[in-house]
Amino acid sequence: MSQQDRCEANAGGRLVYAIVQEADVENAMRGCRRCARQLGFSESIVFMVATALVELARNMLYHAAGGTVTINECSRASRWGIELVAIDHGPGIANVALAMQDHFSTRGTLGIGLPAVKRMMDSMDIETVVGQGTTVRACKWL
Amino acid sequence: MDIEKVEKSEKNPITTLWDDILFMPVIGLLDSKRAQDIMDIMLEEADATNARYIILDIKGVAAVDSAVANHLVKITKATKLLGCETILSGITPNVAQSLVHLGIDLGNLITTARVSGALEAAFSRLGKTVVSVDALK
Ligand SMILES: Nc1ncnc2c1ncn2[C@@H]1O[C@H](COP(=O)(O)OP(=O)(O)O)[C@@H](O)[C@H]1O
Ligand SMILES: [Mg+2]
């Protein structure tokens, strides 16, 4: 995903959640729903963005021993949106193209999380360094 | 009394809605522990009551990610082994869209938008129907 596709973080409306256990995922998901609703997304988009956040947060729990998700309001040109940023310092993803394929999993789970996030959000971008960690950014525009 | 078991069923109430028909609403977010609890409770109750259908209402579920979807599919498969078919209600357009993006195929599972639709589906399979009193006059 190009640099352009990213959204600039807005100073206001930023929520940060440390994800170290399942309960944190639910909290972050609630914050995400609130933020998306306040921005004026329809209920079906709110649900989808919340689902994407859960997918990213659980990936950090299962594949990276936890991390942080940040929920930002963002704007580009005159458009508003919501940005999810999941940052961890886990093992990183060795082959991103493979990880983005449906049904690819290194843990024997469904392997549809990352590709589904891509389909649910308007843009998604993964930065990862093996041995250092992974940052996934995903945006949805109003 | 097994306190843990009591607390488990307090958190995940299941009721007999009609002869042979159980009802279980799920709200919030499922994780694997809670999904396991729900599965245990459903299987126990299905076994104890010999119910033929369980309506699992997921209208109050706040997000359906791949893990939740996987749990739901597993739960329905397990009850089926006991001869009790799960009817998934609360498949709102939101849930449906997420399932499509996930690429999850609910196969030949009976799904309905509303609980009333699920009840109707169970009734019709049990050879029952709801008739308005006026129609009988
Ligand atoms: N935060 C992460 N850190 C390290 N690896 C990850 C992370 N997220 C995803 N992956 C890798 O990408 C693969 C695909 O992820 P996903 O599509 O969510 O499927 P699943 O979680 O079921 O394995 C994972 O199996 C894992 O190898
Ligand atoms: Mg995943």
Side-chain angles (χ1 to χ4, degrees), chain A residues 17 19 21-34 36-37 41-63 69 84 86 99-105 107-122 124 138 140, chain B residues 4 7-8 10-12 25-40 56-78 88-107 109 111-114:
Chain A
Y17 296 88
I19 306 291
Q21 55 185 6
E22 275 293 344
D24 302 329
V25 178
E26 179 150 10
N27 265 337
M29 185 268 298
R30 291 196 188 292
C32 177
R33 283 171 70 99
R34 208 178 319 126
R37 279 210 184 101
F41 281 105
S42 70
E43 276 307 298
S44 77
I45 304 287
V46 169
F47 191 93
M48 219 141 64
V49 174
T51 295
L53 177 133
V54 171
E55 208 67 74
L56 295 178
R58 286 194 166 144
N59 270 356
M60 295 196 300
L61 276 186
Y62 301 155
H63 305 297
V69 276
L84 311 177
M100 286 304 296
Q101 277 179 21
D102 273 319
H103 312 299
F104 174 84
S105 174
R107 288 280 306 263
T109 41
L110 292 184
I112 54 178
L114 287 178
V117 171
K118 177 148 186 136
R119 290 189 284 265
M120 289 189 268
M121 303 293 282
D122 289 330
M124 175 183 169
K140 191 82 184 172
Chain B
E4 203 180 312
E7 285 178 349
K8 224 197 261 184
E10 270 175 2
K11 247 187 263 167
N12 305 293
V26 188
I27 56 170
L29 185 65
L30 282 186
D31 57 30
S32 38
K33 157 108 182 41
R34 184 131 178 261
Q36 187 61 52
D37 288 352
I38 286 171
M39 173 136 85
D40 290 347
L56 184 63
D57 185 59
I58 61 164
K59 180 153 184 279
V61 169
V64 177
D65 71 318
S66 56
V68 171
N70 197 28
H71 290 314
L72 291 174
V73 170
K74 275 190 187 153
I75 287 172
T76 61
K77 280 186 180 154
L88 209 52
S89 75
I91 304 292
T92 56
N94 307 345
V95 176
Q97 260 191 58
S98 282
L99 288 173
V100 168
H101 286 302
L102 286 166
I104 296 268
D105 181 10
L106 292 179
L109 204 71
T111 61
T112 64
R114 278 182 276 269

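Hydrogens, waters and symmetry mates play no part in the numbers below; they use all other heavy atoms, side chains included. Per chain, numbering begins at 1; letters A, B, ... match sequence-line order. This structure is a prediction, so every number in the text was calculated from the model and none was measured.
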Report task. Give the member of A:E22, A:E43, A:R30 that has the highest number of heavy-atom pairs under 4.5 Å with chain B. Result ->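 Most pairs with chain B among the choices: A:E22.
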
In terms of heavy-atom pairs under 4.5 Å with chain B, the winner among A:M48, A:M29, A:R58 is A:R58

Sidechain N-carboxylate O distance under 4.0 Å for A:D102, A:R119:
yes

Exercise for review: Examine distances only and state if a side-chain atom of B:N70 and a backbone atom of B:S66 form a donor-acceptor pair shorter than 3.5 Å.
Suggested key: no

Main-chain N/O of B:A62 paired with A:R33 side-chain donor or acceptor, under 3.5 Å: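 Present.
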
So which part of B:L99 gets closer than 4.5 Å to some heavy atom of chain A, the side chain, the backbone, both or neither?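 Neither part.
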
Applying a strict 4.5 Å limit to non-hydrogen atoms, the region of B:V95 in contact with chain A is both

Does a side chain donor of either A:N59 or A:E55 reach within less than 3.5 Å of an acceptor in the other side chain? no

Exercise: do B:D57 and B:S89 side chains pair donor with acceptor under 3.5 Å:
yes

Engaged part of A:M120 at the chain B interface, taking heavy atoms whose separation is under 4.5 Å: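 For A:M120, the contact with chain B is made by backbone and side chain together.
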
Ranked by heavy-atom pairs below 4.5 Å to chain A, first place among B:T92, B:L102, B:V100, B:L29 goes to B:L29

